[in-house]
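First up is the structure itself, then whatever we jot down about it.
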Number of protein chains: 2
Amino acid sequence: MTELRADRPRWRQVYEIIAARIADGTYRRGVRIPSVRGLQEEFGIAVTTGQKVMDRLRDDGLIYTEPGLGSFAGPPPDDDPS
Amino acid sequence: MTELRADRPRWRQVYEIIAARIADGTYRRGVRIPSVRGLQEEFGIAVTTGQKVMDRLRDDGLIYTEPGLGSFAGPPPDDDPS
DNA sequence: ACCCATTTGTGCGTATGTATA
DNA sequence: TTATACATACGCACAAATGGG
């Protein structure tokens, strides 16, 4: 369980860790990143805190999300079967 | 108490109502918009839902926030006494 | 068609800390 | 000191979508 510091918001620290993993290729484009409950287990944060991290990552275009499936690194693919 | 519909997320409906009030000049630039608890009373939403509305409005540059004071319509003024 | 597990999305309540007046 | 207001963070619950049996 990765420890977080107390001097900065927990959601921001987790955000930066995930963002760094995307940047350095740990999570390659199209690869599934940990679920909200995965973040919960790895960092000891609450569900709502994990949701906030996901929201921000998505807003900033670092991940895309498929409801019911998970969230994935990088920009969304061009399949839009509407 | 403004009623919200059930077909779309409550936080999004409130977001759009506030955004519309800023766009049409109901809340002019620099004017204080309702607090989270103000939204709670006007729309019957939870504190956390109101917070989410504020977060989005801020992220989208529609408001700025002064902790302890409130949130205000429009872009932040250029006073940054850091 | 059905159940079940996983995952995201939404929404509620609550508590504590910090900043301002 | 008190009141107001935002920021962070927790827990919980339910809905909807997905995929495997």
Side-chain angles (χ1 to χ4, degrees), chain A residues 1-18 27 30-74 76-77 79-82, chain B residues 1-18 27 30-74 76-77 79-82:
Chain A
M1 223 259 278
T2 303
E3 293 297 329
L4 300 176
R5 311 204 183 133
D7 59 322
R8 280 184 316 140
R10 297 163 70 75
W11 71 264
R12 182 168 292 280
Q13 295 180 59
V14 175
Y15 173 100
E16 286 167 3
I17 290 170
I18 301 299
Y27 301 138
V31 162
R32 194 168 155 269
I33 69 169
S35 69
V36 169
R37 278 172 189 78
L39 296 181
Q40 194 178 359
E41 289 169 15
E42 181 173 1
F43 299 102
I45 61 178
V47 180
T48 43
T49 306
Q51 284 284 4
K52 183 160 187 169
V53 172
M54 295 297 203
D55 284 348
R56 292 302 186 114
L57 289 168
R58 195 174 330 102
D59 284 356
D60 294 345
L62 297 178
I63 66 171
Y64 64 96
T65 295
E66 308 256 16
L69 274 182
S71 294
F72 306 83
D79 58 319
D80 208 291
S82 62
Chain B
M1 222 260 279
T2 303
E3 293 297 329
L4 301 177
R5 312 204 182 131
D7 58 322
R8 281 184 314 140
R10 297 164 70 74
W11 71 263
R12 181 167 293 280
Q13 294 180 58
V14 175
Y15 172 101
E16 286 167 4
I17 290 169
I18 302 299
Y27 301 138
V31 163
R32 194 169 154 267
I33 69 169
S35 68
V36 169
R37 279 178 187 74
L39 297 181
Q40 194 178 0
E41 289 170 16
E42 181 173 1
F43 299 103
I45 60 178
V47 181
T48 43
T49 306
Q51 284 283 3
K52 183 162 186 167
V53 172
M54 295 296 203
D55 284 348
R56 293 299 187 116
L57 289 168
R58 195 173 329 103
D59 284 356
D60 294 344
L62 297 178
I63 66 171
Y64 63 96
T65 295
E66 308 257 14
L69 276 181
S71 294
F72 305 84
D79 57 319
D80 208 290
S82 60

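Within every chain, numbering begins at 1; the chains are lettered A, B, ... in the order of the sequence lines, protein sequences first and strands thereafter.
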**Whole angstrom value for the distance that separates P of D:dA9 from CZ of A:R56** = 12 Å
**Request:** Return the value, rounded to whole Å, for the distance between atom CD of A:E66 and atom C1' of D:dA17.
**Result:** 11 Å
**Request:** Could you state the atom-to-atom distance from CG of A:L4 to P of D:dC10 in whole Å?
**Result:** 9 Å
**Prompt:** Could you give the distance from CG (B:D60) to OH (B:Y15), rounded to the nearest 0.5 Å?
**Reply:** 3.5 Å
**Message:** Looking at D:dA7, I'd like to know if its phosphate oxygens (OP1 or OP2) sit under 4.0 Å from a side-chain N or O belonging to B:Q51.
**Reply:** yes
**Asked** Which nucleotide sits closest to the side chain of B:T48: C:dT8, D:dA9, D:dC6?
**Response** D:dA9
**Prompt:** Looking at B:T49, does any N or O in its side chain come under 4.0 Å of the phosphate oxygens OP1/OP2 on C:dT10?
**Reply:** no
**Fill in**
The residue, B:V47 or B:G70, whose nearest nucleotide of DNA chain D is more 5′ is B:G70
Distance-only criterion, 3.5 Å: show the donor-acceptor pairs between side-chain atoms of residues 46-55 of chain A and protein atoms not counting sequence neighbours.
none

**Message:** Which is more 5' along DNA chain D, the nucleotide nearest B:G68 or the one nearest A:A46? Just name the residue.
**Reply:** B:G68
**Request:** Return the 5'-most residue of the pair A:R58, B:L69 with respect to DNA chain C, ranking by each residue's nearest nucleotide.
**Result:** A:R58
**Request:** Using whole Å, report how far CG of A:L57 lies from C1' of C:dT7.
**Result:** 16 Å
**Request:** Nearest whole angstrom, please: distance from the C1' of D:dA15 to the CG of B:D7.
**Result:** 15 Å
**Asked** To the nearest 0.5 Å, what is the distance between CD1 (A:I17) and CG (A:L4)?
**Response** 6.0 Å
**Item:** Option passing salt bridge (Lys or Arg N to Asp or Glu O under 4.0 Å) with B:E16 (candidates B:R56, B:R5, B:R8)
**Value:** B:R8
**Request:** Taking A:R10 for its side chain and A:G44 for its backbone only, find out whether a donor-acceptor pair lies under 3.5 Å.
**Result:** yes
**Message:** Checking contacts here: which listed nucleotide (D:dC10, C:dT20, C:dT8) is nearest the side-chain heavy atoms of A:I45?
**Reply:** D:dC10
**Complete:** From CG of A:D59 across to C1' of C:dG9 the rounded distance in Å is 14 Å
**Request:** Tell me whether the OP1 or OP2 atom of C:dT10 has a side-chain N or O from B:K52 closer than 4.0 Å.
**Result:** yes
**Request:** Name the nucleic acid region contacted by B:G44, choosing base, sugar-phosphate or nothing; use a 4.0 angstrom heavy-atom cut-off, strictly under.
**Result:** sugar-phosphate
**Complete:** B:R10 atom CZ is separated from D:dA15 atom P, nearest whole Å, by 15 Å
**Asked** Rounded to the nearest Å, what distance is computed from the CZ atom of residue B:R32 to the P atom of nucleotide C:dA21?
**Response** 12 Å
